[in-house]
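Step one of this worksheet: look at the structure below.
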Amino acid sequence: MARIARMYHERGIKQSEIADELHVSQPRVSRLLKRAAEEGIVRTVVTLPAGTFTSLEEEIESRYGLNECVVVDAGDDEATIENALAAAAATYLETTLTGGDVIGLSSWSATWLAAIERLQPFRTQVASAVVQLFGGIGNPTVQVKATRMIDLLARATGATPEFFPSPAVLGTAAAAAELRNDPSVVRVLSFLPEVTVGLVGIGSLEPSPLLRQSGNISSEADREELRAAGAVGDVCLRYFDADGVHVNSDFDRRLVGADAEQLRAIPRRLAAAGGQRKHAAIRAALRGGWVNVLITDATTARVLLDEPSSGA
């Protein structure tokens with residue numbers, strides 16, 4: 001048994017050649033190799049390359065019930081973290097989009113914009129449609145980025161782009177309700193039950209620079225109301241508290257786009273988010289089931305495994 005194990009594992013001799021040399025059957029060689037592993041003569045050691053965090057990923061998956069977690073090596077600088085997350089997100093899409101998907105996209109995410117700009121075109125069609133998840137009309141100088149994001153992803157995946165023909169935030173709940181009944185908006189909303197992969201951002205209570213520039217943001221009065229209700233973060237502008245519970249507010253009623261139930265009904269909900277500013281929001285999003293696949297940085301991953309401190 002030991003001789004066969006050394007011939008196979010150390011010298012790289014094929015099982016058929018071992019059988020011929022030792023005058024035994026190949027099935028016997030196979031059985032003895034299996035037995036050598038069972039008895040500890042052969043031990044398998046997996047040596048991880050630098051910059052991989054398999055144990056950390058598995059702990060987060062177990063703690064929060066995620067389908068998958070990807071942890072990347074990045075420093076504490078926000079720009080460096082965003083670049084690392086974007087690169088990892090692009091690679092993740094290239095390896096996991098295999099065909100037949102309808103992709104929902106949060107179009108005001110700087111990380112997803114950077115990821116999609118890195119994405120190489122697929123050789124075959126891997127998605128039938130790319131659907132904007134909530135209102136995409138905003139400041140014209142910034143709106144072009146959201147439009148470009150949808151268009152680039154559609155081109156790379158061979159999909160049809162479905163743009164959201166309205167602002168994300170209306171002045172009143174009545175105006176938002178009326179716009180939701182507009183035929184062009186109803187048409188885009190009708191795609192939501194078909195979405196199989198959602199690419200979303202996780203935001204903190206303070207809007208990101210890209211969202212702030214777009215004009216699709218909460219006012220200071222809105223943020224005070226949300227803060228008083230315990231909101232710590234959002235996915236597609238649907239805010240939630242520290243336990244991930246959706247916060248019902250006047251701001252929420254003024255939104256046009258996928259609602260909380262529709263977002264959480266998407267089978268694969270993927271977020272690429274990290275950095276100290278978002279720690280509390282990411283933890284809450286995981287607790288509330290807003291995402292089930294997370295790409296994050298190593299520092300954030302370790303924070304997620306620690307008990308939250310006051311205000312974390």
Side-chain angles (χ1 to χ4, degrees), residues 1-74 84-103 115 118-128 156-159 196-199 266-272 274 286 289 291-306:
M1 195 191 314
R3 184 176 180 185
I4 287 173
R6 293 193 64 182
M7 292 173 74
Y8 182 74
H9 291 287
E10 293 182 0
R11 295 167 59 189
I13 303 174
K14 296 179 180 178
Q15 291 188 27
S16 58
E17 294 172 355
I18 295 173
D20 291 340
E21 184 173 333
L22 299 183
H23 305 288
V24 296
S25 69
Q26 187 169 332
R28 179 169 173 78
V29 172
S30 181
R31 286 196 300 270
L32 288 173
L33 285 171
K34 182 179 179 181
R35 186 177 161 193
E38 293 171 348
E39 296 192 8
I41 293 172
V42 174
R43 298 179 182 177
T44 302
V45 177
V46 178
T47 302
L48 298 176
T52 57
F53 303 91
T54 305
S55 297
L56 199 54
E57 292 165 347
E58 291 173 350
E59 286 184 65
I60 291 174
E61 290 165 2
S62 177
R63 172 76 66 88
Y64 293 98
L66 298 183
N67 293 348
E68 193 168 0
C69 178
V70 177
V71 176
V72 299
D73 195 8
L85 294 179
T91 301
Y92 183 88
L93 292 181
E94 288 169 356
T95 55
T96 62
L97 290 177
T98 57
D101 281 308
V102 174
I103 303 171
R118 287 172 166 82
L119 195 63
Q120 296 298 311
F122 290 82
R123 294 182 179 179
T124 60
Q125 184 183 29
V126 296
S128 58
T157 59
T196 57
V197 179
L199 310 182
I266 298 172
R268 185 150 59 115
R269 306 178 297 282
L270 171 59
L286 299 188
V291 300
N292 55 18
V293 178
L294 176 67
I295 300 174
T296 193
D297 63 281
T299 300
T300 298
R302 294 187 181 99
V303 169
L304 291 173
L305 292 174
D306 291 337

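Atoms CD and OG1, from E57 and T296 in turn, are 10.5 Å apart once rounded to the nearest 0.5 Å. A distance of 4.0 Å separates CG of N67 from CG of N292, quoted to the nearest 0.5 Å. Between atom CD1 of residue I60 and atom CG of residue L304 there is a gap of 5.0 Å, rounded to the nearest 0.5 Å. Taking CD1 of I41 as the reference point, atom CZ of R6 lies at 12.0 Å (rounded to 0.5 Å). Taking CG of L294 as the start and CG of L286 as the end, the distance is 5.5 Å to the nearest 0.5 Å. Going from atom CG of L33 over to atom CE of M7 covers 10.5 Å, rounded to the nearest 0.5 Å.
Annotation: side chain to side chain donor-acceptor pair (under 3.5 Å) contacts of D101 (sequence neighbours excluded): T196.
Across all their heavy atoms, V72 and A84 have their closest contact at CG2-CB, 4.1 Å. The heavy-atom pair separating G198 from I266 by the smallest distance is N-CG2, 3.5 Å. Taking each heavy atom of A271 and V291 in turn, the nearest pair found is CB-CG1, 3.6 Å.
Applying the salt bridge (charged side-chain N to carboxylate O under 4.0 Å, His left out) test to residues at least two apart or on different chains, none of the pairs has a partner in residues 11-29.
Side-chain atoms of D73 never come within 3.5 Å of backbone atoms of A298 as a donor-acceptor pair (strictly under, hydrogens ignored). Remark: side-chain polar atoms of Q26 are not paired, donor with acceptor, to backbone N or O of A19 under 3.5 angstrom.
Using a 4.5 Å heavy-atom threshold, the side chains of S62 and E58 count as separate. V293 has its side chain out of reach of V197: every pair of non-hydrogen atoms, C-beta onward, lies at least 4.5 Å apart.
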For E59 and R63: C-alpha separation, side-chain torsions, deciding distance, then whether salt bridge (Lys or Arg N to Asp or Glu O under 4.0 Å) applies.
CA-CA 6 Å; E59 286 184 65; R63 172 76 66 88; over 6 Å; no
Quiz: residues 85-97 side-chain donor-acceptor pairs under 3.5 angstrom, not counting sequence neighbours:
unit_1, atom_1, unit_2, atom_2, d
T91, OG1, A87, O, 3.1
Y92, OH, E68, OE1, 3.0
Y92, OH, R268, NH1, 3.4
E94, OE2, Q120, N, 3.1
T95, OG1, T91, O, 3.0
T95, OG1, Y92, O, 3.1
T96, OG1, Y92, O, 2.7
T96, OG1, R268, NH1, 3.3

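Residue Y8 places its OH atom among 12 or fewer non-hydrogen atoms of other residues, nucleotides or ligands, all under 6.0 Å distant.
The side-chain contact (heavy atoms from CB on, under 4.5 Å) test with S128 is passed by exactly one of I103, T157, V102: V102.
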